[in-house]
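Counting convention: from 1, in listed order, for ligands and their atoms alike.
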Amino acid sequence: MADIKDIDPQNIPRHVAIIMDGNGRWARKKALNRIRGHEEGARSVKEIVTTSREIGISYLTLYAFSEENWGRPRTEIQALMRLLKRYLKQELSEMLDNGIRLNTIGFINKLPNDVRKTLSDVMDKTSRNSDMVLTLALSYGGRQELTDAVKRIAKRVESGDLKAEEITEDIISGFLHTYDMPDPDLLIRTSGEFRISNFLLWQIAYTEIYITPTLWPDFRKSEFLDAILEYQKRERRFGLTGEQVKGVQK
Ligand code: FPP
């Protein structure tokens with residue numbers, strides 16, 4: 001089990017993104033209602049946010065509700081929205097004390113009014129914080145984000161503001177919901193599924209991926225530190241050779 005002392009402070013991933021999966025299975029294993037799994041999952045959120053801030057991660061992005069999740073039973077959606085609101089209200093002072101700025105990505109206008117209001121209140125109150133950005137992906141889908149970006153870029157081309165030949169990777173990145181953050185260095189998925197599930201499709205081109213069988217409600221500080229330690233052992237090559245990355249040209 002990893003300890004904070006094992007972590008190299010010189011090699012902390014700047015941006016960690018997490019697919020929090022397995023709340024339902026956690027509850028089923030304990031013969032509990034799925035909602036109990038989400039409640040326990042919210043406790044993991046709290047612990048992972050605190051640990052991220054403690055080790056100096058600058059951007060933490062959590063996949064809290066996907067575009068596809070709208071297809072879940074109404075009672076589960078309502079419970080997730082309630083939990084989200086409760087989390088935001090309870091954690092505001094913690095965010096203010098720890099220099100955490102709340103941010104969102106996704107199609108936020110689809111969320112219920114009361115949730116949007118709480119989100120915008122916490123975002124306003126934390127807007128001057130700069131030690132860590134906590135981004136909640138809500139009503140988020142990577143394909144929908146890209147489709148939306150293509151439409152907006154096409155409009156610019158139509159209006160003559162932009163030429164098709166001028167479209168670059170940076171321009172595309174600038175039209176995504178993540179326009180103001182770096183790409184993730186590390187993507188963690190809990191509960192052992194080897195899938196991306198429509199999360200940050202464009203942004204994870206060179207991201208290191210860590211998959212653990214641990215279910216999200218059981219994913220706490222030491223498991224998270226294990227993931228960071230594993231990341232620190234990886235050699236990131238970005239398509240180059242190992243020798244080039246080490247600065248030894250052959
Ligand atoms: C995946 O588990 C989890 C979700 C769809 C929602 C994530 C929500 C939380 C962690 C709690 C509230 C969030 C915040 C930000 C406070 P699943 O239901 O798909 O699990 P299963 O695959 O085992 O059924």
Side-chain angles (χ1 to χ4, degrees), residues 16-53 57 59-95 98 100-108 110-112 114-123 126 132-142 144 187-200 211-221 223-224 227:
V16 176
I18 308 184
I19 302 176
M20 311 183 285
D21 193 17
N23 295 350
R25 272 162 284 172
W26 182 91
R28 192 168 353 108
K29 266 174 55 182
K30 295 188 151 41
L32 296 168
N33 182 301
R34 288 179 62 79
I35 311 302
R36 279 287 297 116
H38 295 313
E39 283 170 3
E40 202 55 32
R43 293 200 179 92
S44 293
V45 169
K46 183 173 163 59
E47 193 161 318
I48 298 312
V49 170
T50 306
T51 308
S52 297
R53 177 70 187 89
I57 287 167
Y59 296 85
L60 175 69
T61 300
L62 303 176
Y63 204 5
F65 194 85
S66 71
E67 274 284 79
E68 291 73 24
N69 286 156
W70 288 117
R72 291 199 174 191
R74 208 159 62 99
T75 48
E76 184 168 343
I77 297 175
Q78 284 169 342
L80 281 167
M81 295 299 147
R82 239 188 351 259
L83 259 178
L84 174 63
K85 243 176 84 175
R86 194 202 299 167
Y87 170 83
L88 293 168
K89 289 188 171 173
Q90 281 175 354
E91 294 308 305
L92 172 61
S93 66
E94 194 80 10
M95 291 185 209
N98 288 291
I100 299 172
R101 172 161 75 81
L102 181 76
N103 178 42
T104 58
I105 54 171
F107 295 87
I108 303 301
K110 290 191 179 175
L111 298 172
D114 57 329
V115 176
R116 272 164 44 198
K117 197 180 160 307
T118 309
L119 278 167
S120 106
D121 183 46
V122 176
M123 285 197 290
T126 60
M132 184 174 99
V133 180
L134 168 63
T135 299
L136 299 179
L138 293 163
S139 192
Y140 176 84
Q144 293 85 339
L187 171 71
I188 298 173
R189 180 169 189 144
T190 58
S191 95
E193 311 287 355
F194 287 74
R195 281 195 291 274
I196 297 300
S197 301
N198 204 13
F199 192 40
L200 302 174
I211 294 170
T212 170
T214 303
L215 305 174
W216 177 252
D218 292 328
F219 190 83
R220 297 288 163 97
K221 183 172 183 170
E223 290 267 352
F224 185 49

Sub-4.0 Å atoms of ligand 1 with respect to non-hydrogen atoms of His38: 11 (C), 18 (O)

Within the 4.0 Å heavy-atom shell around Trp216, which atoms of ligand 1 are there? 10 (C)

Looking at ligand 1, would Asp21 count as a contact under a 4.0 Å heavy-atom criterion? yes

Mark the output for Arg72 as yes if a heavy-atom distance to ligand 1 is under 4.0 Å, and as no if none is. yes

Is there a salt bridge (Lys or Arg N to Asp or Glu O under 4.0 Å) between Glu193 and Arg25? Walk through the geometry before answering. CA-CA 12 Å; Glu193 311 287 355; Arg25 272 162 284 172; 2.9 Å; yes

I'd like the name of whichever of Gly37, Ser191, Ala64 reaches closest to atom 6 (C) of ligand 1 through any heavy atom. Ala64

Report the member of Asn23, Leu83, Ile18, Leu215 with the shortest heavy-atom distance to atom 2 (O) of ligand 1. Asn23

Going through the distances and angles, do Thr212 and Arg189 end up as a side-chain hydrogen bond (donor to acceptor under 3.5 Å, both in side chains)? CA-CA 6 Å; Thr212 170; Arg189 180 169 189 144; over 6 Å; no

Is there any N or O on [X] that sits under 3.5 Å from an N or O of ligand 1?
X	answer
Trp26	no
Arg25	yes
Gly24	yes
Arg34	yes
Asn69	no

Quick test of your reading: applying ring-ring contact (aromatic ring centres under 6.0 Å, His included), list the pairs with at least one residue in residues 67-92, sequence neighbours left out, ordered by first then second residue. Phe65-Trp70

At what distance is the nearest protein heavy atom to atom 1 (C) of ligand 1, and which residue and atom is it? Met20 O, 3.1 Å

For atom 14 (C) of ligand 1, closest protein heavy-atom neighbour: Val45 CG2, 4.1 Å

Contact summary for Ala17 and Leu200, nearest pair of heavy atoms: CB-CD1, 3.8 Å

Minimum-distance pair of heavy atoms, taken over all atoms of Gly41 and Asn23: CA-OD1, 4.1 Å

Tell me whether the rings of Phe224 and Phe219 are parallel (<30°), tilted (30 to 60°) or perpendicular (>60°). perpendicular

Donor-acceptor pair, side chain of Asp21 and main chain of Ser191, under 3.5 angstrom: no

Short question: side chain of Asp121, backbone of Thr118 - any donor-acceptor pair under 3.5 Å? no

Assess whether a salt bridge exists between Glu40 and Arg220, defined as any Lys/Arg side-chain N lying under 4.0 Å from an Asp/Glu carboxylate O. yes

Lys85, portion touching ligand 1 at heavy-atom distance under 4.0 Å: neither

